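Read the structure below first, then the notes.
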Amino acid sequence: NAKRSGRGRAEVYTDALALEAQDRAELERDLLIGLQRDEFLLEFQPQVDVASGRAVAAEALVRWAHPERDLVMPGAFVPMAEESGAIVALGDWVMGKVCETAARWSRSGIDQRIAINISTRELGQPDFFLRLRHAMSGHGAPPAMLELEITESLAMEMEPRVLEQLRALRKDGAFVAIDDFGTGYSNLSRLKELPVDRVKIDRSLVRDIAISAEARTICSAVVGLIQGLGMEVVVEGIESQAQMDVLRVIGCTLFQGYHLARPTDEQDYLARYALVPMITRNAG
Ligand code: C2E
Ligand code: MG
Ligand code: MG
Ligand code: MG
C-alpha cells in the first residue's frame with residue numbers, strides 16, 4: 001500500500017527489526033545444538049607467494065551447514081557467538097578441526113600452514129592456550145603447521161600473560177599474524193613490541209589502489225612500515241589483477257583473495273593448491 005501513513009511505515013519497519021531479532025534468537029539457540037550435531041565445517045583459502053607461485057598457507061574459515069538454511073557464513077553467527085559466549089565452544093571445535101587437519105597434512109608432506117582465526121572472547125579465556133596446546137598434542141599437529149590470526153584491535157590490547165604465551169608458541173615454531181590491519185587505531189610504537197610474524201592488511205585498504213593515487217600512497221606507507229619493522233605483509237581481499245600489479249610494485253609478494261582463489265572445502269583445496277603452482281613465476 002503506497003499510501004501508508006507515517007505511523008504505518010514505522011510499524012512495517014518495526015516488524016522487520018523484530019523478525020531480524022527473532023532470526024538472531026533462533027540462530028543463537030540453534031548454535032550449541034548445531035555444534036552437538038556436527039553441523040559446522042571449515043573451508044580453506046590459500047595465501048599465495050608470487051615469488052614461488054605456490055600457496056604457502058591456508059586460512060581456515062568456519063561455515064554452518066544449518067539444516068533449514070543455506071550455508072550460513074561466519075558474519076551471521078560469529079559476532080553473535082562472541083556476545084553470547086558460545087564462541088568458546090565454537091572456537092574449541094575449530095581448534096580441534098584445524099589441528100586434526102594440520103596433523104594430516106603434515107603426515108602427507110603438505111608444506112602449508114593452516115591459519116586459524118581467534119576472537120577476542122576466546123583469547124580472554126584464562127585456559128585458552130592450555131586448550132590449544134592440548135588440541136595440538138592430542139592430534140599431533142606440529143606447531144610449525146599453525147598460524148594464529150588475531151585482529152588488530154585485540155593485538156593492541158594484549159595482556160602480558162597472552163604475549164608471553166604467544167612468544168612461547170612462536171619459539172616452538174608456530175606463526176602469529178595480525179588480522180584486518182588498517183581497520184582499527186593502532187598504536188604504531190606498540191606494533192614493534194608484539195610477538196608477530198606477519199601482518200594481514202585489510203581489504204578496505206587496497207580496494208581503491210588501482211584507481212586512486214591517495215589510496216596507493218596510504219597503502220605503500222603502511223606496507224613500508226610493516227616491512228621496516230621486520231614483519232611479513234599479507235594482503236587480503238585481492239579481487240583484480242590491477243590491484244595485484246600495484247601491490248607488486250609497492251613490494252608485496254603474499255596475497256589472498258577471490259582473484260586468486262575462493263575459500264573451498266578441504267578436498268577441493270588439496271586437489272587445486274597442494275602440489276601445483278597456482279601462478280607461473282613471473283606472471284603479472
Ligand atoms: P577474516 O579473518 O578477515 O577472513 C577473510 C574474509 O574475507 C573471509 O570471509 C573471506 O572469505 C573473505 N574474502 C577473501 N578474499 C576476499 C576477496 O577477494 N573479496 C572479499 N570481498 N572478501 C574476501 P568469511 O569466511 O565470511 O569470514 C568473515 C570473518 O569471520 C573472518 O574475517 C573472521 O573474522 C571471522 N571468522 C571466520 N572463521 C572464523 C573462525 O573459525 N573463528 C573465528 N573466531 N572467526 C572466524
Ligand atoms: Mg582471518
Ligand atoms: Mg581479515
Ligand atoms: Mg576479521
Side-chain angles (χ1 to χ4, degrees), residues 31 34-35 39-48 55 57-65 70-102 113-125 128 131-132 135 146-155 175-184 186 196-210 222 233-244 247 252 254-266 269 273 278:
L31 194 127
L35 275 171
E39 290 171 2
F40 290 83
L41 54 99
L42 294 181
E43 287 192 331
F44 299 88
Q45 187 183 29
Q47 297 177 9
V48 181
E59 178 170 9
L61 297 159
V62 70
R63 278 92 179 82
W64 182 1
D70 292 334
L71 200 64
V72 188
M73 302 302 275
F77 62 89
V78 164
M80 181 189 86
E82 279 173 0
E83 263 175 56
S84 74
I87 191 71
V88 176
L90 178 65
D92 270 346
W93 180 86
V94 172
M95 218 188 267
K97 194 76 181 168
V98 164
C99 287
E100 184 250 306
T101 308
R113 294 190 294 282
I114 303 182
I116 176 172
N117 288 286
I118 309 292
S119 81
T120 314
R121 184 90 180 241
E122 284 178 84
L123 209 58
Q125 300 287 307
F128 171 79
R131 296 204 318 277
L132 176 61
L146 296 180
E147 178 164 325
L148 304 188
E149 291 195 6
I150 294 158
T151 57
E152 177 188 10
S153 48
L154 174 59
F175 289 70
V176 178
I178 295 183
D179 203 357
D180 304 336
F181 190 82
T183 57
S186 278
V196 160
D197 302 276
R198 354 167 69 196
V199 176
K200 298 184 77 176
I201 295 183
D202 192 71
R203 69 169 173 274
S204 57
L205 236 71
V206 299
R207 197 186 51 218
D208 296 333
I209 51 169
V222 169
V233 170
V234 182
V235 189
E236 287 195 290
I238 300 293
E239 293 183 349
S240 74
Q241 186 63 42
Q243 285 175 310
M244 226 167 86
L247 287 159
C252 300
L254 295 166
F255 300 106
Q256 180 179 350
Y258 294 166
H259 176 62
L260 291 162
R262 294 203 171 239
T264 187
D265 64 52
E266 185 194 354
Y269 182 94
Y273 314 121
M278 292 178 63

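We count ligands from 1, going down the list as the structure has it; atoms in each ligand are counted the same way. Small disclaimer: the values here were computed from a predicted structure and weren't measured.
Looking at heavy atoms from C-beta onward, D265 lies out of side-chain contact with L41 at the 4.5 angstrom threshold. For the pair F44 and T101, the minimum side-chain heavy-atom distance is below 4.5 Å.
Using 4.0 Å as the threshold, R262 has no heavy atom nearer than that to any atom of ligand 1. Using a 4.0 Å cutoff on heavy atoms, G237 counts as a contact of ligand 1. Residue R63 places a heavy atom less than 4.0 Å from ligand 1. At a 4.0 Å cut-off, not a single heavy atom of E43 sits close enough to ligand 1 to count as contact.
Around the Mg ion (ligand 3), the two atoms OD1 of D179 and OE1 of E236 are separated by an angle of 90°, to 10 degrees.
Of the charged side-chain nitrogens involved, none lies within less than 4.0 Å of a carboxylate oxygen, so that R121 and E82 do not count as a salt-bridged pair.
Using a 30° and 60° split on the angle between ring planes, F40 and W64 fall in the parallel class, below 30°.
Every N/O-N/O distance between H259 and ligand 1 stays at or above 3.5 Å.
Of the options L123, N117, V94, the smallest heavy-atom separation from atom 33 (C) of ligand 1 is shown by N117. The option from Q256, E236, R203 that lies nearest to atom 7 (O) of ligand 1, judged by heavy atoms, is R203.
For ligand 1, the atoms sitting less than 4.0 Å from at least one non-hydrogen atom of D179 are 1 (P), 2 (O), 3 (O), numbered in the order shown with element in parentheses. In the vicinity of P263, heavy-atom distances shorter than 4.0 Å reach the ligand 1 atoms 11 (O).
Within the 2.8 Å limit, E59 places at least one N, O or S atom next to the Mg ion (ligand 2). Within the 2.8 Å limit, D202 places no N, O or S atom next to the Mg ion (ligand 3).
Residue E149 approaches the Mg ion (ligand 2) most closely through its N/O/S atom OE1.
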